[in-house]
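Beneath this line is the structure, given in structure tokens, with notes to follow.
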Amino acid sequence: LGRCPPQRQRHDHRERHRGHEQDAARRRATAPDVRQRHDETEIRIAPADVPDVLRVLHDEPELKFELLMDLAGVDTGNQMQVTYHLWSATTPDWLRVIADGLPRDNPRIATLTGLWPGAEWMERETYDMFGIIFEGNRDLRRIYMPPDYASFPLRKDFFLPDDAARSPGAGVRPMERTQAPSNVPS
């Protein structure tokens, strides 16, 4: 007689599970790979941890990182990263969160537009320049390049048409040659 009905037990289990997930995200947000440099603290997290960790950073009253100042993609040559710069009135330090380890062949990460609506444009720019797909962004389309453009200009594997001139045997591209002043006799 003292037992809860099955529906209530399932609900309690979900609440406990959600509580454990929040505790785990809180631990990752407060004890990740941390580095301090000048007035900026940097943490590195796995891409799968981004939604939970950033929600904790945003929502926790003692943290309150309510301002997303910047979101940028990075191509290290081996992998892709997404870097978030956050500000909070609770600390004089800026916080840089780096989602490290996105695969270069299919870089995907969750959108943060639910926490910061302004992230939509930053995510679009990062998609346009690096090809990182922000899953859940309702308007992920090119912002600078034409819609039919097939490449991503800020990736390390992007080459300009005249990059063949950069080979050691090709010398200097014409636009980089120094020009003698025209008003000086030769």
Taking the side chain as everything from C-beta on, heavy atoms only, tell me whether Ser151 gets closer than 4.5 Å to Tyr149. yes

State which residue, out of Arg138, Glu135, Glu123, fulfils the side chain to side chain donor-acceptor pair (under 3.5 Å) condition with Thr111. Glu123

Start with the C-alpha distance between Val97 and Leu57, add both sets of side-chain angles, then the distance that settles side-chain contact (heavy atoms from CB on, under 4.5 Å), and finish with yes or no. CA-CA 10 Å; Val97 179; Leu57 292 169; 4.0 Å; yes

Any side-chain donor paired with an acceptor under 3.5 Å for Asp93 and Gln36? yes

If I take atom CE from residue Met80 and atom CZ from residue Phe152, how far apart are they, to the nearest 0.5 angstrom? 9.0 Å

Evaluate the side-chain proximity of Thr76 to Arg104: yes if any heavy-atom separation is below 4.5 Å, no if none is. no

Go through the steps to decide whether Asp75 and Lys156 satisfy the test salt bridge (charged side-chain N to carboxylate O under 4.0 Å, His left out), and finish with yes or no. CA-CA 6 Å; Asp75 182 356; Lys156 299 241 187 235; over 6 Å; no

Are Ile98 and Leu102 linked, directly or through other ILVMFWY residues, by side chains that come within less than 4.5 angstrom of each other? no

Leu95 side, atom CG; Asp39 side, atom CG - distance, nearest 0.5 Å: 11.5 Å

Backbone N/O of Ala46 and side chain of Asp100: donor-acceptor pair under 3.5 Å: no

Ile45 side chain reached by Leu54 side chain, heavy atoms, under 4.5 Å: yes

Between CZ of Phe65 and CH2 of Trp94, what distance do you get to the nearest 0.5 Å? 10.0 Å

Side chains of Val56 and Leu63 in contact at under 4.5 Å (non-hydrogen atoms): yes

Please find the pair of heavy atoms, one from Phe134 and one from Tyr84, that lie closest to each other, and give the distance. CE2-OH, 4.3 Å

Are Val50 and Trp121 connected into the same hydrophobic cluster when the rule is that any two of I, L, V, M, F, W, Y join if their side-chain heavy atoms are below 4.5 Å apart? yes

So which heavy atom on Pro47 is nearest to which on Gly101, and how close? CG-C, 4.3 Å

Should the pair Trp116 and His58 be assigned to parallel (<30°), tilted (30 to 60°) or perpendicular (>60°) ring geometry? perpendicular

Indicate whether any N or O donor in one side chain lies under 3.5 Å from an N or O acceptor in the other, for Asn137 and Glu120. no

What distance separates Arg44 CZ from Arg96 CZ, expressed to the nearest 0.5 Å? 8.5 Å

Answer with yes or no whether the hydrophobic clustering places Met145 together with Leu140; edges join I, L, V, M, F, W, Y residues whose side-chain heavy atoms lie under 4.5 Å apart. yes

May I have the step-by-step check of side-chain contact (heavy atoms from CB on, under 4.5 Å) for Arg141 and Arg124, ending in yes or no? CA-CA 6 Å; Arg141 58 188 162 101; Arg124 283 181 65 188; 3.5 Å; yes

Rounded at 0.5 Å granularity, tell me how far NZ in Lys64 sits from OG1 in Thr90. 8.5 Å

Any side-chain donor near an acceptor of the partner, Glu66 and Ser88, under 3.5 Å: no

Decide whether Val74 and Phe158 are clustered together by the hydrophobic rule: side chain heavy atoms of Ile, Leu, Val, Met, Phe, Trp, Tyr closer than 4.5 Å, transitively. no

Should the heavy atoms of other residues, nucleotides or ligands under 6.0 Å from CZ of Arg55 be counted, would the total exceed 12? no

Determine whether Ile133 and Phe130 fall in the same hydrophobic cluster, where Ile, Leu, Val, Met, Phe, Trp and Tyr are linked whenever their side-chain heavy atoms lie under 4.5 Å apart. yes

Heavy-atom nearest pair, Ile143 first then Asp128, reads N-OD2, 3.1 Å

Between Asp52 and Asp49, is a side-chain contact (heavy atoms from CB on, under 4.5 Å) present by the stated rule, with each step listed? CA-CA 6 Å; Asp52 294 332; Asp49 294 335; 5.7 Å; no

What closest approach, in Å, do Glu40 and His85 show between heavy atoms, and which atom pair accounts for it? OE2-CD2, 3.5 Å

Let me confirm one number: the CD1-CG distance from Ile43 to Leu86, rounded to the nearest 0.5 Å. 8.0 Å

